[in-house]
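Working notes for the structure below.
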Amino acid sequence: MAPPSRANGKLAVVTGTTSGIGLAVARQLLEGSWRVLGVARRPGAIEHDAYEHARVDLHDIDALDTALAPRLKMLLAELALARIGLVNNAADPALLGPLAALDARRLPLVFATNVAAPIWLIGALVRLAPPAATLRIVNVSSGAAVQAFPGLAAYGSSKAALRMAGMALAAELDSTAETALRERDIAVLSYEPGIVDTAMQAMARSQPLDVLPSRDLFVRFEAERRLVSPDAPAREIVAFLESKRAPRFHEQRLGG
Ligand SMILES: NC(=O)c1ccc[n+]([C@@H]2O[C@H](COP(=O)([O-])OP(=O)(O)OC[C@H]3O[C@@H](n4cnc5c(N)ncnc54)[C@H](OP(=O)(O)O)[C@@H]3O)[C@@H](O)[C@H]2O)c1
């Protein structure tokens with residue numbers, strides 16, 4: 001990573017930067033002079049002086065303590081930061097199927113990636129960010145967090161939990177007796193990216209109907225050419241990270 005510059009003290013942590021929306025967000029941030037720490041299991045797909053990649057499996061909360069915590073501490077201590085972004089984008093959609101047939105033993109893995117790891121990251125940044133820095137947090141949500149789709153009980157309920165975690169953080173910051181914490185410029189966005197042309201949509205379209213009874217919805221999205229490029233939601237996510245003023249918590253859907 002290039003040496004810190006006081007002129008552009010902006011650091012973003014983005015999960016899931018090896019494909020899809022996370023990759024588009026990281027690229028746009030780099031164009032906007034942010035430094036980016038990307039997190040995913042695969043090797044980094046971005047070559048840029050201001051990009052650093054951490055290969056971490058978000059299933060593994062212990063790995064966050066050992067591999068990510070020291071790196072975050074170093075970055076946050078070294079850089080002269082005016083603005084910090086967190087994009088909790090990575091998600092595990094793999095546990096599909098009607099609820100009555102779900103293997104409950106696999107649920108903790110889904111919730112580790114989709115809920116516990118994002119909460120870990122939010123906590124780490126709230127604790128470690130310089131108090132004077134603006135902190136913008138995006139939790140990438142889904143229509144499945146607020147609407148029931150047959151076959152998406154695991155994924156949808158994990159997204160619903162993440163949405164609520166963001167709301168809880170906002171309520172805590174607004175109600176804390178600690179004036180210094182209450183006055184910090186921290187805002188959370190729960191963001192629904194719409195129907196995006198990524199590996200996740202392709203995976204949904206390719207499922208057998210007994211595994212994903214709502215599969216034809218995803219097939220129809222493609223047939224009706226409703227999929228948008230990952231660049232479209234990435235632009236809105238980046239705009240929020242750059243925002244001067246923001247409500248403590250709000251929700252937004254692509255184009256909304
Ligand atoms: N595409 C859509 O239409 C749509 C709609 C609503 C919501 N979303 C949400 O948008 C977000 C991005 O999805 P996408 O569509 O861009 O999917 P994608 O192209 O499949 O990207 C998912 C990213 O998450 C990372 N990831 C997954 N599991 C991980 C783990 N255990 N540890 C670390 N990284 C992990 C992947 O990296 P590695 O494989 O390298 O680990 C990849 O970079 C997700 O939160 C998804 O729920 C997407």
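Being a predicted model, the structure only gives us computed values, none of them experimental. Both counts, for ligands and for their atoms, begin at 1 and track the order of listing.
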Q. Which of parallel (below 30°), tilted (30 to 60°) and perpendicular (above 60°) describes F218 and F221?
A.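 Because their plane-to-plane angle is over 60°, the rings of F218 and F221 count as perpendicular.
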Within the 4.0 Å heavy-atom shell around [X], which atoms of ligand 1 are there?
X	value
M200	13 (O), 15 (O), 17 (O), 20 (O), 44 (C), 46 (C), 47 (O)
I195	3 (O)
A91	24 (O), 27 (C), 28 (N), 44 (C), 45 (O), 47 (O)
G16	23 (C), 24 (O), 25 (C), 42 (C), 43 (O)

Q. Polar-atom distance check: L58 versus ligand 1, any N or O pair below 3.5 Å?
A.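 Yes, since at least one N or O of L58 sits under 3.5 Å from an N or O of ligand 1.
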Q: Would you check the N or O atoms of V39, main chain and side chain alike, for any that come under 3.5 Å of an N or O of ligand 1?
A: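 No; the residue has no nitrogen or oxygen that sits under 3.5 Å from a nitrogen or oxygen of the ligand.
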Q.
So does R41 get a backbone contact from the side chain of R55, meaning a donor-acceptor N/O pair under 3.5 Å?
A.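 Yes; judged by distance alone, with no hydrogens or angles, the pair exists.
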Tell me, please: is [X] in heavy-atom contact with ligand 1, that is, under 4.0 Å?
X	value
S141	yes
G194	yes
V56	yes
E192	no
N89	yes
Y155	yes

**Q.** P93 contact mode with ligand 1 (heavy-atom cut-off under 4.0 Å)
**A.**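 Neither; no heavy atom under 4.0 Å.
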(Q) With a 4.0 Å cut-off on N to O distance, would you call D185 and R136 a salt bridge? (A)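 Salt bridge present between D185 and R136.
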Q.
Can you confirm whether more than 12 heavy atoms, excluding those of M203, are under 6.0 Å from its CE atom?
A.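 Check passes, neighbour count above 12.
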Q.
Working note: S158 + N114, criterion side chain to side chain donor-acceptor pair (under 3.5 Å); need CA distance, chi angles, decisive distance, verdict.
A. CA-CA 6 Å; S158 71; N114 298 3; 3.0 Å; yes
